Structure formats: C-alpha cells, structure tokens
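Quick caveat, the model's predicted, so the values are computed rather than measured. The first residue in the sequence is number 1, and the count goes up from there.
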Amino acid sequence: MTSAFALVLLVAAAAPLSFPERVEGTRAAEKARYAFVIGATRPFDEVYPRSVFEKKVKRELAEERVLSSQFGMQVTAELLSAEYERIEKETRAPDQWEAIKTALGGSRRKTEEVVCRPVLVDRVLRARFAFDQKIHEVEHQKAREARQVFLAGKTPKGSSTIWLSRKAEPGGTDELLAKARSEASGPKILAPDEPGKKSDAPVPVDPEMAKALEKELKKKGDVTTILEERNRFSVFRLVSSDAGEWLVEAVQVPKRDFDRWLDAAVRTAKPPG
C-alpha cells in the first residue's frame with residue numbers, strides 16, 4: 001500500500017503543467033522581471049494583459065512541437081535540470097533570477113517548466129536550424145555554383161574584393177569592447193570602398209575560419225572549400241596575402257531566415273497525440 005501511494009505521488013509530481021498553469025507561471029515570471037525595469041511607471045497588467053501570455057505560451061508549445069517533428073528531439077527532465085543549473089551559474093542578473101524563482105513559489109519544477117523549457121527549446125531550435133543541410137540546401141547549392149566559377153578562373157556574379165585580417169589587431173580596452181559589440185550580431189567581413197584598396201582596419205574572421213583560410217589559401221588563385229557559419233556560406237579566392245592580411249574575392253550566400261522558417265514550420269507542425 002505504501003509503495004502504491006508513493007508511486008501515485010511520483011506520477012502526480014511528474015505530470016505536465018496545464019495550459020492555464022503555464023500561462024499563470026509565465027505571467028508571474030514576467031511580473032517579477034518587470035519590477036526591475038528602470039522607469040516603468042504603468043501598471044503591469046496594463047502593459048501585459050493575460051492575452052499576451054496566452055499567445056506566448058501557445059507559441060512556445062508550437063515551437064516545441066517543431067523541435068520534435070523537424071529534428072526528433074524531446075525535452076527530457078534531465079535536459080531541463082541541466083538548463084536550470086546553467087542559468088544558476090551563468091545568469092548576469094542574479095537578483096532577477098531569484099525574484100522569478102520566488103514568484104513561482106520557490107518550485108524548481110515550475111521554474112524548469114515555465115522558464116527553462118522555452119529557453120532551452122529556442123536555443124536548440126536555432127542551433128539545429130543553423131546547420132541543417134536540408135533546410136539550407138538551396139543556399140548551399142548557390143555557394144557550390146559560385147565555387148565552380150572561381151575554380152574555372154572566372155568571377156561569380158555578386159562577388160566582392162575584401163581584406164581579411166589573420167589576427168585581431170591590438171587596441172585599447174574601449175576600442176576592443178566597441179568592436180566586439182559591433183561584430184556580435186553583424187557580418188564579420190566588410191567590403192572596402194574600392195576593390196583591392198586596403199582598408200585602414202582589415203576585419204578579423206572567426207578563429208575556426210582563420211584556420212581554414214591558413215590551410216587553403218597558399219598562393220594566388222587558390223579557392224577555399226565552402227565555409228559555413230551560422231548565418232551564411234562563404235567561398236574565397238586568394239588575390240594576394242602578406243603576414244597580416246589576405247586580399248580575397250568573396251562570395252557570401254546568406255542562409256534562410258530563422259523567423260520566417262519557424263513561422264512556416266509552426267503552421268505545419270502536427271499537434272501532440
């Protein structure tokens with residue numbers, strides 16, 4: 001009898017949150033964050049009516065269905081626990097994190113479900129999307145075609161001549177921080193005003209890409225393999241180089257937009273069961 005009762009308790013503890021529970025939990029977490037917003041004078045419920053959280057939770061559930069249907073991944077208790085621990089260690093706003101946990105009744109399980117689950121799903125979805133060959137097949141084919149034109153000794157349509165730095169240039173702390181911020185979400189490679197004209201500050205490339213360039217660009221006319229980043233495919237042909245920079249002809253093909261892909265995937269994702 002005792003064992004059967006314990007089993008019932010375990011099953012109840014593991015039961016998923018209902019939709020209303022998720023909405024209320026999400027609302028409570030956001031209300032806790034709102035208390036830290038500087039200059040916020042309007043009442044929370046005026047800024048965020050319940051409908052906002054209903055829509056948010058519906059979207060989060062849909063995104064999880066996409067993760068399952070497109071990539072065959074299920075969010076497990078182990079993954080949620082690891083995500084909770086990650087946030088505990090890495091959060092840059094510990095006061096807000098503690099306030100959110102308090103707003104959710106100090107329940108780790110509720111915090112994992114309401115906060116950790118959507119954060120985990122979003123991060124994994126973006127990572128899987130970024131390097132999925134099928135999703136970006138058309139764009140990869142364009143990069144292959146451009147590479148074939150380079151190999152034939154011709155210049156592909158849409159190419160540009162750019163300077164790439166082999167290593168980061170030294171500078172003051174403020175300068176380096178400003179540079180890091182500007183490059184955090186934007187392209188790492190920029191075209192100069194005039195083809196072949198050396199810019200004042202050649203832009204450094206990602207360290208992994210730099211390794212590939214060192215290996216593949218040895219002499220004038222060398223063409224790289226297709227180099228893949230999260231947001232694009234790149235192909236380079238060497239024009240010239242010195243100890244500090246490469247001058248290359250480049251073709252860069254942007255990958256599909258994540259948000260547009262996700263909107264389409266959500267519309268076609270099958271409901272659970």
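The salt bridge (charged side-chain N to carboxylate O under 4.0 Å, His left out) test applied to K56 returns E60, not counting sequence neighbours. In this structure, the salt bridge (charged side-chain N to carboxylate O under 4.0 Å, His left out) partners of R123, at least two apart in sequence or on a different chain, are E83. Judged as a salt bridge (charged side-chain N to carboxylate O under 4.0 Å, His left out), and not counting sequence neighbours, the contacts of E88 are K101. Residues satisfying the side chain to side chain donor-acceptor pair (under 3.5 Å) test with S68, not counting sequence neighbours, are Q74.
Shown here for V149 and P156, the closest heavy-atom pair between the two residues is CG1-N, 3.6 Å. Across all non-hydrogen atoms, the minimal contact from V115 to V119 is O-CG2, 3.2 Å. The two residues A29 and V114 have their closest heavy-atom pair at CB-CG1, 4.5 Å. Here the closest non-hydrogen pair linking I162 and A250 is CD1-CB, 3.7 Å. Among all heavy-atom pairs drawn from V266 and A62, the shortest one is CG1-CB, 3.7 Å. Annotation for L247 and L238: closest pair O-CD1, 3.6 Å, computed over non-hydrogen atoms.
Atoms CG and CD, from L120 and E112 in turn, are 10.5 Å apart once rounded to the nearest 0.5 Å. Separation of atoms CD (Q96) and OH (Y34) is listed at 13.5 Å; rounding is to 0.5 Å. To the nearest 0.5 Å, the span separating CH2 on W97 from CD1 on I87 amounts to 4.5 Å. From L17, atom CG reaches atom CZ of R22 across 5.0 Å, with rounding to the nearest 0.5 Å. The structure places CD of Q70 at 9.0 Å from CG of L125, a figure rounded to the nearest 0.5 Å. Atom CG of residue N231 and atom CZ of residue F258 lie 13.5 Å apart, to the nearest 0.5 angstrom.
For the residue pair Q141 and E145, a side-chain donor N or O sits within less than 3.5 Å of a side-chain acceptor on the partner. Remark: the R237 side chain and the S159 side chain contain no N/O donor-acceptor pair separated by less than 3.5 Å. Side-chain N/O atoms of S18 and E21 include a donor and acceptor closer than 3.5 Å. Residues S160 and E249 bring no donor and acceptor atom of their side chains to less than 3.5 Å of each other.
Between E64 and R117, at least one side-chain nitrogen of the basic residue sits less than 4.0 Å from a carboxylate oxygen of the acidic one, meeting the salt-bridge criterion. Remark: E229 does not engage K255 in a salt bridge, criterion side-chain N to carboxylate O under 4.0 Å. In summary, R33 and E30 engage in a salt bridge, as defined by a charged side-chain N under 4.0 Å from a carboxylate O. Ion pair E245/R166 not flagged as a salt bridge, since none of the NZ, NE, NH1 or NH2 atoms sits closer than 4.0 Å to an Asp/Glu carboxylate oxygen. Looking at D263 and R260, no side-chain N of the basic residue comes within less than 4.0 Å of a carboxylate O on the acidic one, giving no salt bridge. Salt-bridge annotation for E54 and K58: absent, with no side-chain N of the basic residue lying under 4.0 Å from a carboxylate O of the acidic one.
Classified by interplanar angle (parallel below 30°, tilted 30° to 60°, perpendicular above 60°), the ring pair F129/W261 is tilted. Below 30°, between 30° and 60°, or above 60°: for Y48 and F53 the angle between ring planes is between 30° and 60°, a tilted geometry.
In this structure, K218 contributes its side chain and E214 its backbone to a donor-acceptor pair below 3.5 Å. Proximity of a side-chain donor or acceptor of E63 to a complementary backbone N or O of V121 within less than 3.5 Å is not detected. With hydrogens and angles disregarded, no donor-acceptor distance shorter than 3.5 Å links the side chain of R147 to the backbone of V235. At distances below 3.5 Å, not a single donor-acceptor pair connects side-chain atoms of S107 with backbone N or O atoms of L104.
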One pair to check against side-chain contact (heavy atoms from CB on, under 4.5 Å): L79 and M73. What are the steps and the verdict?
CA-CA 11 Å; L79 289 173; M73 179 178 172; 3.5 Å; yes
Apply side-chain contact (heavy atoms from CB on, under 4.5 Å) to the pair F236 and V251, showing each step before the final yes or no.
CA-CA 7 Å; F236 303 109; V251 170; over 6 Å; no
Applying salt bridge (charged side-chain N to carboxylate O under 4.0 Å, His left out) to R256 and E139, what does each step give before you reach the verdict?
CA-CA 8 Å; R256 290 184 63 183; E139 292 72 23; 5.3 Å; no
One pair to check against side-chain hydrogen bond (donor to acceptor under 3.5 Å, both in side chains): R108 and S81. What are the steps and the verdict?
CA-CA 9 Å; R108 172 161 175 160; S81 179; 2.9 Å; yes
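Hydrophobic cluster membership differs between F233 and L213, with clusters built from Ile, Leu, Val, Met, Phe, Trp and Tyr side chains linked at under 4.5 angstrom. In this structure, F44 is a member of the same hydrophobic cluster as V57, with clusters built from ILVMFWY side-chain heavy atoms closer than 4.5 Å. Criterion: ILVMFWY side-chain heavy atoms under 4.5 Å apart, direct or through other members. Under it, V47 and V37 are part of a common hydrophobic cluster. Residues Y84 and I100 share a hydrophobic cluster, clusters being chains of Ile/Leu/Val/Met/Phe/Trp/Tyr side chains in contact below 4.5 Å. Under the 4.5 Å side-chain contact rule for hydrophobic residues, F150 and V239 do not share a cluster.
Proximity of R59 to L262: side-chain heavy atoms (C-beta onward) are separated by under 4.5 Å at one or more points. Between D222 and E216 the shortest side-chain heavy-atom distance does not fall below 4.5 Å.
Cluster partners of I38, using a side-chain heavy-atom cutoff of under 4.5 Å among ILVMFWY residues and allowing indirect links: none.
In this structure, R230 is not positioned above the aromatic face of F131 in the sense of NZ or CZ being under 6.0 Å from the six-membered ring centre and within 45° of the axis.
For residues 126-135, the set of pairs meeting the side chain to side chain donor-acceptor pair (under 3.5 Å) definition, not counting sequence neighbours, comprises D122-R126.
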